[in-house]
Amino acid sequence: MATQLELTVNGAPRSASAPEGAPLLHVLRNLLGLKAARFGCGEEACGACRVLVDGEPVYACTFPADQAAGRTVITPEGLAATREGAAVVDAFLAEQAGQCGYCLSGIVVAATALLQRQPSPDRAAILAALEPHLCRCGAHNRMVRAVERAARTLAANA
């Protein structure tokens with residue numbers, strides 16, 4: 001049995017007929033064609049699937065799609081449309097903070113959510129925000145520097 005979902009994704013109203021019990025990631029990738037959030041582990045252990053639901057980062061691999069009905073979802077594709085997301089994307093590029101890129105979409109989502117909540121985070125807050133994400137490429141230091149750079153950019157342009 002399918003559930004008809006009405007939600008806002010990256011600023012646009014969207015509809016999808018999702019199988020009962022489907023995770024939000026299935027709806028985003030398979031029904032709406034948004035591929036930047038990735039399936040990694042399916043167990044909330046890697047963070048590759050994270051998206052924002054009403055401004056909060058969630059694991060789309062386990063977040064029930066029916067709980068997204070009527071809510072606002074921002075995927076990695078939609079981050080650059082936000083002030084904080086654009087600053088994070090620019091900073092990650094400037095710091096060359098991505099390597100293989102598999103985990104990067106979820107990390108950029110988490111960094112954007114952090115800067116939306118806390119415009120001037122200290123290093124400990126940045127580390128805590130990025131901690132749930134598994135990156136095997138060893139780019140963590142560049143990622144932290146990128147979030148620090150994005151925060152400085154946002155403060156300078158406030």
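Values below: all heavy atoms of this structure, side chains included; hydrogens, waters and symmetry mates excluded.
- Across all non-hydrogen atoms, the minimal contact from L115 to A151 is CD2-CB, 3.9 Å.
- Shortest non-hydrogen contact noted between S17 and A2 is OG-CB, 3.3 Å.
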Under 3.5 Å, which donor-acceptor pairs do the side chains of residues 51-63 form with other protein atoms, sequence neighbours left out?
residue: D54; atom: OD1; partner: T72; partner atom: N; Å: 3.0
residue: D54; atom: OD2; partner: R71; partner atom: NE; Å: 2.9
residue: T62; atom: OG1; partner: E44; partner atom: OE2; Å: 2.4

Donor-acceptor pairs under 3.5 Å, side chain of residues 3-15 to any protein atom, not counting sequence neighbours: which ones?
residue: E6; atom: OE1; partner: S15; partner atom: OG; Å: 2.5
residue: E6; atom: OE2; partner: S15; partner atom: OG; Å: 3.0
residue: N10; atom: OD1; partner: T75; partner atom: N; Å: 2.8
residue: N10; atom: OD1; partner: T75; partner atom: OG1; Å: 3.4
residue: N10; atom: ND2; partner: T75; partner atom: OG1; Å: 2.8

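- Here the shortest heavy-atom pairing between C46 and G40 reads SG-CA, 3.7 Å.
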Name each donor-acceptor pair under 3.5 Å that joins a side chain in residues 118-126 to protein atoms two or more places apart or in another chain, with its distance.
residue: D122; atom: OD1; partner: A124; partner atom: N; Å: 3.3
residue: D122; atom: OD1; partner: A125; partner atom: N; Å: 2.8
residue: R123; atom: NH1; partner: E148; partner atom: OE2; Å: 2.9

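- Between atom CD of residue E84 and atom CG of residue L154 there is a gap of 6.0 Å, rounded to the nearest 0.5 Å.
- Identified under the salt bridge (charged side-chain N to carboxylate O under 4.0 Å, His left out) test for residues 97-115, with sequence neighbours left out: none.
- Sorted pairs that involve residues 107-117 and meet side-chain hydrogen bond (donor to acceptor under 3.5 Å, both in side chains), not counting sequence neighbours, are lacking altogether.
- The side-chain hydrogen bond (donor to acceptor under 3.5 Å, both in side chains) analysis of residues 89-109, with sequence neighbours excluded, yields the pairs E95-R145, E95-R149, Q99-R142.
- Nearest heavy atom pair, residue A68 against residue V73, reads CB-CG2, 4.3 Å.
- The salt bridge (charged side-chain N to carboxylate O under 4.0 Å, His left out) contacts involving residues 19-43 comprise nothing, where partners must be two or more places apart or lie in separate chains.
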Which donor-acceptor pairs under 3.5 Å do the side chains of residues 129-136 make with protein atoms, sequence neighbours left out?
residue: H133; atom: ND1; partner: G47; partner atom: O; Å: 3.4
residue: H133; atom: NE2; partner: R50; partner atom: NH1; Å: 3.1

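- The two residues L25 and C49 have their closest heavy-atom pair at CD2-CB, 3.9 Å.
- Looking at every heavy atom in both residues, A111 comes nearest to V88 through CB-CG1, 4.0 Å.
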